[in-house]
Amino acid sequence: MRTQVAIVGAGPAGLVLSHLLALQGIESVVLEVRDREYVERRVRAGVLEQGTVDLLRATGVGERLDREGLVHHGIELRFEGERHRIPLSDLTGGRAITVYGQQEVVKDLIRARLEAGGQILFEAGAVGVDDIESSRPIVRYRQGGEIREIECDVVAGCDGSHGVCREAIPAGALGVFQKEYPFAWLGILATVAPSTEELIYAYHERGFALHSLRSPKLSRLYVQCRPGDALESWPDARIWDELHRRFALDGWSLAEGPIVDKSITPMRSLIVEPMRHGRLFLVGDAAHIVPPTGAKGLNLAVADARVLAEGLVEWYRTGRENLLDRYSDTCLRRVWRVEHFSWWMTSMLHRFDDDGPFEHRLHLSQLRYVCRSTAAATSLAENYVGLETV
Ligand code: RFL
Ligand code: PHB
């Protein structure tokens, strides 16, 4: 098989890229190791930046998002039994975030691609990428027990943090920057009306908690836990107990409901530089991971896909490579801004193992400052809704 752009991975990065290229008449084939149902059900991110929403809408995949997405103009920071609202839109000239599950974005994109005649091969896992320093790279993949090949002009490695594309780059050519955080998030999805209209980020001496949502009937909640914790050590009653304690506020209560999804995610940052080697471009989580506190991973994946699509369009139209040559530098400016913001939010809101009374007071002082100072709140808000330029 031959195509112009071989895209490995049908997550947000691969699907947005394939969609943007198709709109400009560039052909791609998307390889996805999982089946369609699995990809469309995987519960992950939920917060879309203004720029992500604008892009999906402008490219014809925003119809259901406009109908079902929940536009939020603020978030709440909760600590010491008090609530403080950060008015995101007031602080950013009207920008907002939209709560809409990542799997809904993925569903909308898969449908749009298939309806437009696009090729997504499910249960087709890439096993290797060859000849990326030549003008005819090859992706080998396994489908139905057979190894097959796609020859292409360019490979887009959109295969997430555990994919194979990153490994195709010679080790000496990549710089790797990483940080492990000494905690994880236990996330649940519960069929109960959210107890809040806006997201609540809570700092507590027992650790961080987050109240998010997916719809008027579905709540998404997270509690900080230990990275080595097993799910079995978190029976439902323990989860609700921790959530009640960490969100505790006079006159407010958290409604419980059946838990329908439960998972533990270790928190880490990882960035590889550069994000390109020869004809292989890394996009999204394949190139960088952020801790989820800033709600940035999906948005960053979409931002990379947009930059790569623009570079490829220029190259196919004019033969000029200058945008492609700048792909990695352009993306990495945003990546590092977002890594810093996510690290900052994470550090402010979580309990570290060796935190004592001194560190606790520093956390509280920082939080109070963010809530009282317009300058500090604006800095949080503009990063949270997504910076237009970095
Ligand atoms: P994905 O979504 O991991 O997609 C990669 C795809 O590649 C497939 N794949 C392969 N396919 C073919 N051959 C192979 N060899 C393959 N190996 C892998 C995989 O099956 C998969 O379908 O990466 P992508 O597209 O870069 O998208 C990144 C986002 O998924 C990720 O950054 C976000 O989910 C992170 N994230 C959040 N991001 C936000 O912007 N806002 C949030 O609110 C937010 N919350 C979160 C999050 C991530 C979380 N977890 C579970 C890590 C909350 C959590 C708890
Ligand atoms: C989510 O709704 O899953 C979510 C919201 C905000 C975050 C992370 C995850 O910072």
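In listed order, ligands and their atoms are each counted from 1. Note that this is a predicted model, so its numbers are computed, not measured.
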Asker: Could you check whether any heavy atom of Tyr222 sits closer than 4.0 Å to an atom of ligand 1, since that is the contact criterion I want to use?
Answerer: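 Under 4.0 Å: yes for Tyr222.
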Asker: Looking only at distance, does Gly46 have an N or O less than 3.5 Å from an N or O of ligand 1?
Answerer: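 Yes, since at least one N or O of Gly46 sits under 3.5 Å from an N or O of ligand 1.
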Asker: Heavy-atom distances under 4.0 Å decide this one: backbone, side chain, both or neither, for Trp185 against ligand 2?
Answerer: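 Side chain only.
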Asker: Tell me, which protein residue and heavy-atom name are nearest atom 18 (C) of ligand 1, and how many Å apart are they?
Answerer: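 Of every protein heavy atom, Asp159 O, 3.2 Å lies nearest to atom 18 (C) of ligand 1.
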Asker: Quick one: look up the protein heavy atom nearest atom 36 (N) of ligand 1 and list residue, atom name and how far away it is.
Answerer: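 Protein heavy atom at minimum distance: Ala45 CB, 3.6 Å.
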Asker: Within a distance of under 4.0 Å, is there any protein heavy atom near atom 48 (C) of ligand 1?
Answerer: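 Answer no: nothing from the protein, no heavy atom, is under 4.0 Å.
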Asker: Can you name the atoms of ligand 1, numbered from 1 with element, that are less than 4.0 Å from a heavy atom of Gly125?
Answerer: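 The atoms of ligand 1 under 4.0 Å from a heavy atom of Gly125 are 12 (C), 13 (N).
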Asker: For atom 32 (O) of ligand 1, what is the closest protein heavy atom, and at what distance to 0.1 Å?
Answerer: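 Checked against all protein heavy atoms, atom 32 (O) of ligand 1 sits closest to Asp285 OD1, 2.7 Å.
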Asker: Side chain or backbone, does Gly163 bring an N or O within less than 3.5 Å of an N or O on ligand 1?
Answerer: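 Min N/O separation from ligand 1 is not below 3.5 Å for Gly163.
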Asker: With the threshold set at under 4.0 angstrom, would you say Met345 reaches ligand 2 through any of its heavy atoms?
Answerer: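 Not so, Met345 does not reach ligand 2.
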Asker: With heavy atoms only and a cut-off of under 4.0 Å, state how Gln102 meets ligand 1: side chain, backbone, both or neither.
Answerer: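 Near ligand 1, Gln102 shows its side chain, while the N, CA, C and O stay back.
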Asker: Is it the side chain (CB and beyond), the backbone, both or neither of Ser161 that lies under 4.0 Å from ligand 1, heavy atoms counted?
Answerer: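 None of Ser161 does.
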Asker: So which heavy atom in the protein is nearest atom 4 (O) of ligand 1, and how far is it from that ligand atom?
Answerer: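 In this structure, atom 4 (O) of ligand 1 has Gly11 CA, 3.4 Å as its nearest protein heavy atom.
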Asker: What part of Arg34, side chain, backbone, both or neither, has a heavy atom within less than 4.0 angstrom of ligand 1?
Answerer: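 Only the side chain of Arg34 comes within reach of ligand 1.
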Asker: In terms of residue, atom name and distance, what is the protein heavy atom nearest to atom 8 (C) of ligand 2?
Answerer: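 Among all protein heavy atoms, the one nearest atom 8 (C) of ligand 2 is Pro292 O, 3.3 Å.
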Asker: Heavy-atom contacts with Val8 under 4.0 Å: which atoms of ligand 1 show up? List them by number with element.
Answerer: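 In order of number, 12 (C), 13 (N).
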Asker: Kindly indicate, with the supporting measurements, whether the criterion salt bridge (charged side-chain N to carboxylate O under 4.0 Å, His left out) is fulfilled by Asp153 and Arg136.
Answerer: CA-CA 6 Å; Asp153 300 327; Arg136 283 278 172 271; 3.1 Å; yes
Asker: For atom 6 (C) of ligand 2, which protein heavy atom lies nearest, and how many Å away is it?
Answerer: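 Sorting protein heavy atoms by distance from atom 6 (C) of ligand 2 puts Tyr201 OH, 3.3 Å first.
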Asker: What part of Arg42, side chain, backbone, both or neither, has a heavy atom within less than 4.0 angstrom of ligand 1?
Answerer: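 Just the side chain.
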